[in-house]
Amino acid sequence: MSTLVIVESPTKARTIRNYLPSDYRVEASMGHVRDLPSSADEIPPEVKGTKWAQFGVNVEADFEPLYIIPKEKEKTVKQLKDALKEADELVLATDEDREGESISWHLLQVLKPKVPIKRMVFHEITKEAIRDALKHCRTIDEQVVRAQETRRILDRLVGYTLSPLLWKKIARGLSAGRVQSVAVRLLVNRERQRLAFRQGTYWDLKATLEKDKNPFEARLITLRGIKVATGSDFDESTGQIAAGRNVVLLSEADALALQERLTGKTWTVANIEERPITRKPAPPFTTSTLQQEANRKLGLSAKDTMRTAQSLYEQGYITYMRTDSVHLSEQAIAAARSCVEQMYGKEYLSPKARQYSTKSKGAQEAHEAIRPAGSSFRTPQETGLKDREFRLYDLIWKRTVATQMADSRQTLISVEIQVEDAGFRSSGKRINFPGYLRAYVEGSDDPNAAIEDQEVILPPLKVGDHPNCTELEAIGHETQPPARYTEASLVKTLESEGIGRPSTYASIISTIVDRGYAQMNGNALVPTFTAFAVTGLLEKYFPDLVDTGFTSRMEQTLDDIATGGVDWLPYLRKFYQGEEGLETQVKVRESQIDATEARTIALEGIDAKIRIGKFGPYVEAENGDGVVTASIPKDLTPADINPEQVETILRQKTEGPEKLGIHPETGEPIYILLGSYGHYIQLGDAQEGSKKKPKRAGIPKNTKVEDVTLEMALGLLALPRTLGVHPDTGGKIQAALGPYGPYVVHDQGKEGGKDYRSLKATDDVLTITLERALELLSQPKAGRGGSRSKTKEALRELGNHPEDGEPINIYDGPYGPYIKHGKTNASIPEGESVEAVTLEKALELLAAKASTAKSTKSSSKSSKSTTAKKSTTSKAKTTKTAASKTTTKTTATKKKTS
DNA sequence: CAGTGAGCGAGCTTCCGCTTGACTT
C-alpha cells in the first residue's frame with residue numbers, strides 16, 4: 001500500500017514528506033502541466049491550418065480549448081506517471097485557489113489514474129495541519145476549474161486578437177493583453193499628465209526662532225488672516241492658482257518686502273494645540289508589499305526581490321513568497337509575540353494578538369502572509385545569511401514581528417505665532433511611546449513624506465511668549481509634476497485594482513520593458529513612443545479592455561461561475577461573438593483604422609510628425625523638395641524630446657553632420673553624429689558606394705555632447721590606447737570603450753587569455769594611467785548585480801572542516817539535498833531533513849563517503865555590493881543663505897534592548 | 001552597432017498564471 005501525493009512546488013514536497021507516514025510518496029507538479037499552445041511550433045499538425053488554430057481555442061465549437069503538454073513539462077509528467085504506477089491511491093494537494101484547482105484537474109486528465117483519487121487542501125505546513133487535512137479530503141470542484149478555464153480562454157482571446165491588429169496597424173511583434181495593456185496605459189497617462197503639467201512658483205518665509213536658547217523653525221501660514229498659497233493650491237494644467245481658492249500668492253518681491261517689514265518686530269505665541277495620536281503597524285508582507293518595500297528600502301527590482309525570496313523559501317527561512325494574503329497562522333503570531341517579548345520586553349507587546357484581513361480586490365488567499373518560517377523565528381543575526389538574502393530576511397522578520405507590537409503613541413504639537421499681520425506655524429512631534437516603531441517603519445514612495453515618524457522637538461512654549469527671531473529667510477518653491485511610476489508604485493496600483501497575480505507582478509514589468517513599451521530611467525518607468533501609439537489606438541477603439549475596471553468585472557463573473565451563479569459558455573459567447581463581440585469589433589475596427597495615423601504620435605509643441613516604423617520611432621518633416629525622415633535615438637522618450645532636438649536630428653540628415661574640426665595629421669574632417677544608439681564621432685566622410693566605413697568612436701555615457709572637444713575626439717578615435725606592459729607577465733595593457741562602457745584589458749598571452757575590468761565613474765578612459773589600470777586589475781571582478789549566476793547557492797552552510805578548514809555546505813541536487821566538502825559529496829539519508837544535519841553528522845557522512853578523492857583548494861569569496869543611501873534635496877532658493885534641506889529616508893531602527 | 005521608413009510574400013509574432021529545469025557528485 002502506498003499513496004502518491006502531488007503538490008505544486010518541490011520545496012513544499014520536501015517539507016511535507018517529513019510530516020506524512022513513510023508509505024506516502026510526495027512529488028511536485030511544478031505548476032501547471034498543460035496549457036494552450038503558445039506558438040506555432042506547439043500546434044499539433046492535425047489542427048494546423050484550421051481557422052482557430054492560432055488561438056488554440058476552437059471558437060466555433062463552444063470554445064473548446066486545445067491543451068498540450070509544453071516541452072519543458074514532459075519530463076515532470078513522465079516522472080509523475082512513473083510514480084503513479086507504484087501507487088494505489090492518488091492525493092491531489094495543489095493550492096486551494098483557482099489555478100491550484102485547475103492544476104489538479106489537468107493532472108487527472110493527463111495521468112488518467114486507475115486508483116482512487118482524493119483532493120486535499122491545507123493552509124499551514126505543520127504536521128497537525130497536514131495530518132488533519134488528510135482526514136478531510138474532498139473531490140475536485142469542477143465549477144472552480146471552469147472559472148479558471150474561462151479566465152484562460154478569455155485572456156487568450158483578448159491577447160491573440162488585439163496583438164495581430166497592432167502588427168497590422170503599428171509594428172510587427174507588438175503585444176496587447178488584459179494586464180499588460182492596462183499597465184502600459186497607466187504609464188502613458190501619467191506621462192501625459194507630466195507633459196501637460198505647467199510649473200507654478202510661490203514664495204514663503206521660514207523663521208528660525210529661539211526660546212531660552214533652544215532654536216526651532218516656523219513657516220509663514222497666513223497673511224492678514226488669509227492662507228498663504230502652497231503647492232497644493234495650484235492647478236497642474238495651468239501653473240496658476242486653482243479657481244476658487246482664497247489664498248495669497250507671494251512673488252519673490254512680495255516675500256522679500258515682507259521679510260524686510262517683519263525684521264525686528266515682536267513675535268508672540270498666539271495658540272498652542274496638542275493632539276495625541278496612535279499609529280498601528282503595517283500588515284505583514286504579501287508579494288506586492290514585499291516588492292514595494294524591497295524596492296524602496298533595499299533598491300531591489302521586483303525580479304531580484306522574488307529571486308532572493310525564492311532562495312530564502314527554498315532554504316526554509318521564510319514561508320511561501322507568492323501570496324496575496326495578510327493572514328498569519330496561530331503559530332506565526334505566537335512566534336512573533338515571543339520575539340517581541342524577548343527582544344523588546346513585555347511593554348512592547350500588543351495587548352491582543354493582531355490579525356489582519358485582506359482588502360485587495362480579487363485576493364484568493366491560498367497561502368499565508370510572507371513571514372519567517374517555523375514555530376519560532378530565527379533572528380536575522382542567527383541565520384548566518386549574507387548580503388541581499390540577509391537584508392531581505394531582516395526586512396521580513398522586522399515587519400512580521402512589528403505586527404505583534406504595541407501601537408505607537410505620539411503627540412502632535414502645533415504652535416501658532418503672530419508677528420504683525422503675519423501668522424507663522426511651528427509643528428512638533430513627540431513620541432511618547434515608540435511601540436512597533438522600535439522594529440519597523442514602513443517606507444514611502446514620496447521622499448518628502450519619509451520624515452514621518454521622526455520626532456521633532458520644540459522648546460516648551462506657552463501662549464503669550466515672545467520668542468526671539470534670529471533668522472528670517474524668503475524661500476522660493478516650484479510645483480512638481482506628478483511622479484513617474486516606479487516598479488513599486490506600479491505593482492501597488494495594479495494590486496489595488498486587482499490586476500495581475502502575485503506570481504506575475506515581476507514579469508508584467510519585464511514584459512512591458514521587453515516589448516519596448518517602457519524604459520527604466522533610474523528607478524522610474526518611462527513609457528516609449530510605441531507605448532503612446534499603442535495606448536492611443538487601444539483607448540480609442542477598445543476603451544473597455546484597457547479600463548482598470550475590466551479585470552474586476554471579469555473577476556466578479558469568474559467568482560459567479562465558481563459558485564454556480566453564472567454559466568461560463570454564454571459569458572464567453574457574449575464576450576467574443578455576436579454584434580458587440582470582440583471578434584466583430586476587431587474586424588470592423590481593422591477597416592476603420594488608418595495605419596499611418598495609428599503609428600503617428602502627436603505631441604504638443606512638436607511640428608514634425610513622430611512615427612513608429614519598422615526600426616523604431618523616427619521623425620518625418622516636409623522640407624521644400626520632399627519628405628525627410630530620421631531615426632530618433634533609442635533612449636529618447638516622448639518625455640524628453642523637444643523641438644530643438646527634432647531640429648538637430650533632421651538638420652543632421654539634410655545638411656550632413658556637424659563638423660568638429662580637422663584631424664591635425666590626416667587633414668580629414670571630424671564629425672559628431674547622432675545615431676540610433678546616441679551620439680558618436682566619425683573621422684572622414686563615408687565613401688559613396690564603398691563598403692569601407694569611416695572610423696567611428698562612441699562618446700562615453702557620462703560626457704555631454706556639448707562638452708566634446710576636438711582633443712577629446714582625437715583621443716576617442718585613437719582608442720584602444722596602450723598604457724604599457726604588466727610588470728609580472730609582460731602582457732600589454734590597454735584602455736578602450738566597449739558596449740558596456742570604458743574598460744581596461746590585460747592581455748595575458750595565449751594561455752591566460754584577456755582579463756577585463758570596467759573603469760569606475762571617476763576614471764577617465766583618455767587619461768587613465770598604467771598604475772591605476774594595474775590597481776583595477778588587481779581587484780576581483782565585480783560580478784553582475786551581486787548574483788552568483790554560475791555558482792550554486794548553498795542550502796545551508798555548516799561551517800569549516802576541522803582538518804583542512806574548507807567549508808562544508810549543503811546543496812540541492814536532482815537526487816535530493818547533499819553535503820559538499822571540496823570535491824566530496826554525500827547524500828543526506830532518506831527521511832532526514834536538511835535542517836537537522838549538524839556539522840558532526842556531516843563529517844560522519846563525508847568520512848563514510850570519502851573512500852576516493854581528497855579535496856583540493858577552492859575558495860573565493862563573493863564581492864560585496866554597496867547600496868547608495870538615497871537623499872533628496874528641496875528646490876528651495878533663499879535670499880540669505882542656501883537653504884537646501886536634505887531629507888533622508890527613514891529606515892527601521894536597529895537598536896536592541898540590553 | 002552607427003542604415004533603413006515600398007515591393008516579392010511563407011510563415012511567424014502575441015495572451016495570463018502556475019512552477020523550477022540543469023549534473024551524473
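Just so you know, these numbers come straight off a predicted model, no measurement behind them. Every chain is numbered from 1, with letters handed out A, B, ... down the list of sequences.
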ask   = In whole angstroms, how far is the C1' atom of B:dT24 from the NZ atom of A:K75?
value = 11 Å
task = Would you check if there is a donor-acceptor pair between the side chains of A:R611 and A:T600 at a distance under 3.5 Å?
result = yes
request  = Provide, to the nearest angstrom, the distance between the CD atom belonging to A:Q148 and the C1' atom belonging to B:dT19.
outcome  = 14 Å
request  = Taking only Lys NZ, Arg NE, NH1 and NH2, and the carboxylate oxygens of Asp or Glu, determine whether A:D141 and A:R119 approach each other closer than 4.0 Å.
outcome  = no
Kindly give the atom pairs (protein nitrogen or oxygen, nucleotide nitrogen or oxygen) under 3.5 Å for nucleotides 5-7 of chain B.
residue, atom, partner, partner atom, Å
B:dG5, N7, A:T629, OG1, 3.1
B:dG5, O6, A:S631, N, 3.4
B:dG5, O6, A:S631, OG, 2.6
B:dG5, N2, A:K614, N, 3.2
B:dG5, N2, A:F615, N, 2.7
B:dG5, N2, A:G616, N, 3.4
B:dG5, N2, A:G616, O, 3.0

request  = Sugar-phosphate atoms are those with a prime plus P, OP1 and OP2; base atoms are the rest. Using that split, label each nucleotide of nucleotides 13-18 of chain B B, S or - for protein heavy atoms under 4.0 Å, 5' to 3'.
outcome  = BBBBBB
key: Ion pair check, A:E314 and A:K12, cut-off under 4.0 Å   = no
key: Donor-acceptor contact below 3.5 Å, side chain A:E8 vs main chain A:D95   = yes
Heavy-atom closest pair, residues A:Y313 and A:S9 = OH-OG, 3.2 Å
query = Is it true that the side chains of A:E497 and A:T551 contain a donor and an acceptor less than 3.5 Å apart?
reply = no
query = In whole angstrom, what separates A:E74's CD from B:dA22's P?
reply = 14 Å
Same-atom distance (C1') from B:dG9 to B:dT13, integer angstrom = 16 Å
note = Hits for salt bridge (charged side-chain N to carboxylate O under 4.0 Å, His left out) against A:D41, two or more places apart or cross-chain, chain-then-number order -> none
ask   = Rounded to the nearest Å, what distance is computed from the NZ atom of residue A:K634 to the P atom of nucleotide B:dT4?
value = 13 Å
query = How many Å lie between CD on A:E27 and C1' on B:dT19, as a whole number?
reply = 15 Å
note = Between CZ of A:R307 and P of B:dT19 the distance, given in whole Å, is 17 Å
query = Are the charged groups of A:R501 and A:E99 less than 4.0 angstrom apart, N to O?
reply = no
message = In this structure, how many angstroms lie between the P atom of B:dC1 and the CD1 atom of A:I681, rounded?
response = 16 Å
request  = Mark yes or no for whether A:S102, through its side chain, and A:V145, through its backbone, hold a donor-acceptor pair below 3.5 Å.
outcome  = no
